[in-house]
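The basis for the numbers below is simple: all heavy atoms, side chains too, and nothing from hydrogens, waters or symmetry mates. The shown structure was predicted, so the numbers you read here are calculated from the model rather than taken from an experiment. Chain naming here is simple, since letters A, B, ... match the order of the sequence lines and numbering starts at 1 in each.
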Amino acid sequence: MLNVPKVLKIKDIIKETPTIKTFFFDWDMDDEIPYPGQFIMLWNFNDEKPMSISSIDLDNKEIGVTIKKVGPFTEEVFNLKVGDYLGLRGPYGNPFTIPKDKKILVIGGGVGMAPVTCFTDYAVKDNDVDVVCAAVNKDELLFEDRLKKSGANVYNATDDGSSGYKGFATNRALDLIKESHYDFAVVCGPEVMMKPTYDILEDNNIPGEYSLERYMKCAIGICGQCCVDNTGWRICKEGPVFSNDDLKLITEFGNYRRAPTGERI
Amino acid sequence: MLETEFCGVKLKNPLMLAAGIMGSNASSLNWILRSGAAAVVSKSFSKDPNPGYHNPTTVEVTGGIINAIGLSSPGVDVFLDELKAVELNEDGQALIASIYGATPEDFVYVTEKIQDDVDSIELNISCPHAMEGYGAAIGQNPDLTHKIISAVKDVSKVPIIAKLTPNVTDITEIAKSAEDAGADGLSLINSLGPGMKIDITTGNPILKNKFGGMSGPAIKPIAIRCVYDVYDAVDIPIIGVGGIQNYADVVEFLYAGANAVQIGTSIMYEGVEIFSRINNDLEKFMIEQGFDSIDEMVGFGHK
């Protein structure tokens, strides 16, 4: 299979929140089955960006890609309708580990809920899963209902307190950790949220996996754009999912990232 | 057994990382060095920051990829910190900076800024998807090639390698011009073409830049022929680059006349482990064939 965008018709679009939509596509599961935590490169015939896979339906051979409107590219994608075309390349990267018979804490913030909800779909079958579902406010909470239906215990946290706990996902997670013992954690959100979450999980000796994001160009492990300090690992190949032990070596985590020029920002 | 040298730079084996591949920061260059490459060539950079082209910048095709990254770089002032952070821990490891520009002054400026921190400089006068006046626009013109290399050689304290484009009528003409201007060595070849790929559902060219340089296994026969011809035409050493996937490809380049080789696109297929695997296989081959040194193999194909 060549690394070329598959140009597919948008099968369905769900408006999840005022700023987030999920786009569904038919996906040939005989070709390459995606796993939770992997991403695709989304091409709108003008630009191409990495996007999380948020749902994998093996029976109906369908995947969902969840996108937050943050700039010109995502705005263009938001204007598309069912039946319009998009190009999808992938799936790329290493997925989350799906454990068995464990007590799991899932922590997601904003559109970072997308890959961890996909993980939760898979993990609830054989594990006891608690999810911290965090957003700026009630309207922006992503996948709350879907998570509840999946069988996970869902704990909301909003910055303004309009739903559930008032405050950051990190603090809500800390409260849960005080109450019960967790064997494993899965985290995705802005890096300003993931860094303190990582510190808390480290302090409590909870092994975790984190989904990182960097500016990407090739996504096939050669251009070097998404290589992180100090290991040189490629987010598109060795990532985007990293363990606690991995993050100890990724010195730029929580500190900086690189712009398309390669300059640190 | 694998030790060799290029332009007086000692190399623990003949394998180098090619420019433009995992070469945007010191961390990934160090990883490649730890993975067994004797030398790493940085991604090409110039005086000023350049974001390059918009995505899609890379697409796979049969036998390789086409790319139009567009020489993205943070500019020499920022990149110098990355070069300084490259760790050459072993004897026989080297750092080569790939630089680009539009004028002799650009190349001279960057050379003077970096030459205390690198073992050698490769001049990218051959990028097939560069902006107007850069890259292959230089390397397709023997006079311009001569001017830029002469200017750099006037100020340089480290060996200067000119990376040439195959996209010319007669590559030996350009190679001779580079040698005459004082180039210490040559890298053959930069990516081929440019090439294109069009999506058949919508009719859109996939690369944002529409066209890009072709690299990967499909271009190897052309690279071998270029090295073979240029070996006969000049007296300066050659680095062979283009589509190397395994030890046999390396042997072919050595036989064609290369003293060392660079590996790039095949990291997509093989990962960074490609360097140690080729080193092991190459040594086995040499023992089987009765070669005692890389030097003995250089030009062996010229019968």
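Expressed to the nearest 0.5 Å, how far OG1 of T202(B) lies from CG of L86(A) amounts to 10.5 Å. For the atom pair NZ (K217(A)) and CD1 (I69(B)), the distance works out to 6.0 Å, reported to the nearest 0.5 Å. A distance of 12.0 Å separates SG of C223(A) from CD1 of I267(B), quoted to the nearest 0.5 Å. From I250(A), atom CD1 reaches atom OG of S27(B) across 10.5 Å, with rounding to the nearest 0.5 Å. In this structure, R264(A) CZ and E82(B) CD are separated by 5.5 Å, a value rounded to the nearest 0.5 Å.
Within the 4.5 Å cutoff, side-chain heavy atoms of E263(A) are placed close to those of P49(B). Side-chain contact between N67(B) and I222(A) is absent, with no heavy-atom pair separated by less than 4.5 Å. At a threshold of 4.5 Å between non-hydrogen side-chain atoms, the residues S72(B) and T261(A) do not count as touching. A heavy-atom distance below 4.5 Å is found between the side chains of E238(A) and W31(B).
The minimum heavy-atom distance linking V4(A) with E60(B) is given by the pair CG2-O, 3.2 Å. Scanning both residues, C218(A) and T58(B), for their nearest heavy atoms gives CB-OG1, 3.4 Å. Of all the heavy atoms in S24(B) and G224(A), the pair that sits closest is CB-O, 3.9 Å. The nearest pair of heavy atoms linking N3(A) to V59(B) is O-CG2, 3.8 Å.
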Quiz prompt | Worked check of side chain to side chain contact (heavy atoms under 4.5 Å, CB included) between R89(A) and I206(B) | solution = CA-CA 12 Å; R89(A) 184 155 76 80; I206(B) 292 177; over 6 Å; no
Quiz item: Should V7(A) and N204(B) be marked as a side chain to side chain contact (heavy atoms under 4.5 Å, CB included) after you check the CA-CA gap, both sets of side-chain angles, and the distance that decides it?
Solution: CA-CA 11 Å; V7(A) 174; N204(B) 288 293; over 6 Å; no
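Only the side chain of M41(A) comes within less than 4.5 Å of a heavy atom of chain B; its backbone N, CA, C and O stay farther away. With a 4.5 Å cut-off on non-hydrogen atoms, L29(B) does not touch chain A at all.
The number of heavy atoms from other shown groups lying within 6.0 Å of CZ (F24(A)) is above 12. Heavy-atom contacts from other residues, nucleotides or ligands closer than 6.0 Å to CD1 of I200(B) number 12 or fewer. Taking a 6.0 Å sphere around NZ of K210(B), one finds it holds 12 or fewer heavy atoms contributed by other residues, nucleotides or ligands. Under a cut-off of 6.0 angstrom, the local environment of NZ in K9(A) is sparse, with at most 12 non-hydrogen atoms contributed by other residues, nucleotides or ligands.
Donor-acceptor pairing under 3.5 Å is lacking for the side chains of N55(B) and E48(A).
Of the possible polar contacts, none joining the N25(B) side chain to the D229(A) backbone as a donor-acceptor pair under 3.5 Å is found.
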